[in-house]
Amino acid sequence: ETDESQDSISDDELSNGYSGEDDYDDQADEVPPPPQLPEVSEERLQEAWPLGVDTFGIFVCPITHDVMTDPVVSADGHTYERSAISQWFEVSRKSPVTGQTLRHIELVPNQS
């Protein structure tokens with residue numbers, strides 16, 4: 001017998017629905033969560049932010065005026081807190097910032 005027979009999937013495994021995905025799923029469950037980030041003071045963040053204090057507004061949702069935790073980009077190109085823009089779209093198809101009617105209401109996570 002050769003090593004190939006040990007590495008290949010048998011006809012019985014194929015007929016029983018073996019896909020090899022079970023092994024992958026088990027490995028995916030073993031991935032540890034990312035480490036907990038330490039809290040950082042606002043002063044330290046301001047020191048590290050090269051664009052200056054006046055630019056912190058990019059983290060604020062134009063609807064809620066709170067710092068976004070789940071930012072998404074709408075068809076108008078602006079970023080909003082997901083829950084806020086989703087509620088907005090329940091009653092309006094216009095941009096909260098520009099007032100223009102949007103072509104669609106799909107939301108894309110803002111990764112930046």
Side-chain angles (χ1 to χ4, degrees):
E1 224 173 87
T2 65
D3 284 52
E4 283 182 324
S5 65
Q6 293 174 349
D7 291 338
S8 64
I9 300 170
S10 72
D11 291 338
D12 289 337
E13 290 173 319
L14 287 175
S15 65
N16 290 331
Y18 177 79
S19 65
E21 291 180 14
D22 291 336
D23 293 336
Y24 179 76
D25 287 343
D26 290 342
Q27 292 172 355
D29 291 340
E30 295 172 14
V31 175
Q36 187 72 22
L37 296 176
E39 288 196 32
V40 178
S41 71
E42 183 177 340
E43 292 79 22
R44 175 66 184 109
L45 290 174
Q46 289 177 352
E47 289 172 9
W49 184 251
L51 301 177
V53 176
D54 295 335
T55 62
F56 282 130
I58 64 173
F59 300 112
V60 175
C61 174
I63 297 172
T64 65
H65 303 286
D66 289 326
V67 174
M68 295 177 278
T69 58
D70 187 11
V72 292
V73 180
S74 177
D76 62 1
H78 292 276
T79 299
Y80 304 93
E81 179 65 32
R82 182 184 301 275
S83 60
I85 192 66
S86 294
Q87 286 180 339
W88 179 275
F89 285 153
E90 289 177 9
V91 295
S92 178
R93 295 296 188 253
K94 292 186 176 186
S95 164
V97 173
T98 67
Q100 295 179 337
T101 300
L102 301 174
R103 294 177 142 204
H104 61 81
I105 59 168
E106 294 174 34
L107 300 172
V108 179
N110 187 332
Q111 302 294 328
S112 52

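Only a predicted model underlies this, so the values are computations on that prediction, with no experimental measurement involved.
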Output a table of donor-acceptor pairs, distance under 3.5 Å, between side-chain atoms of residues 103-110 and any protein atom two or more places apart or on a different chain; print 'none' if there are none.
from, atom 1, to, atom 2, distance (Å)
His104, ND1, Glu106, N, 3.1
Asn110, OD1, Ser112, N, 2.9
Asn110, OD1, Ser112, OG, 2.6
Asn110, ND2, Thr79, OG1, 2.8

Results of side-chain contact (heavy atoms from CB on, under 4.5 Å) for Phe59 - residues two or more places apart only:
Trp49, Phe56, Val67
With sequence neighbours excluded, residues passing side-chain contact (heavy atoms from CB on, under 4.5 Å) with Thr69:
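In terms of side-chain contact (heavy atoms from CB on, under 4.5 Å), with neighbours along the sequence ignored, Thr69 is linked to Glu81.
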Sole candidate of Pro96, Ser86, Pro71 that passes side-chain contact (heavy atoms from CB on, under 4.5 Å) when paired with Tyr80
Pro96
How long is the span from the NE2 atom in His78 to the CD1 atom in Ile85, to the nearest 0.5 Å?
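Interatomic distance, His78 NE2 to Ile85 CD1, rounded to 0.5 Å: 10.5 Å.
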Using the salt bridge (charged side-chain N to carboxylate O under 4.0 Å, His left out) criterion, which residues pair with Asp66? Sequence neighbours excluded.
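If we apply the salt bridge (charged side-chain N to carboxylate O under 4.0 Å, His left out) test to Asp66, skipping adjacent residues, there are no hits.
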Sequence-distant partners of Arg82, salt bridge (charged side-chain N to carboxylate O under 4.0 Å, His left out), two or more places apart:
Asp70
Single-linkage hydrophobic cluster, 4.5 Å side-chain cutoff, Val60 and Val97 together:
no
Side-chain heavy atoms nearer than 4.5 Å, only ILVMFWY residues, links allowed to pass through others: does that put Met68 and Ile63 together?
no
Does the side chain of Ser74 reach to within under 4.5 Å of the side chain of Trp88, using non-hydrogen atoms?
no
Using residues 32-40 as the side-chain source, report each donor-acceptor pair under 3.5 Å to any protein atom, sequence neighbours left out, with the distance given to one decimal.
none

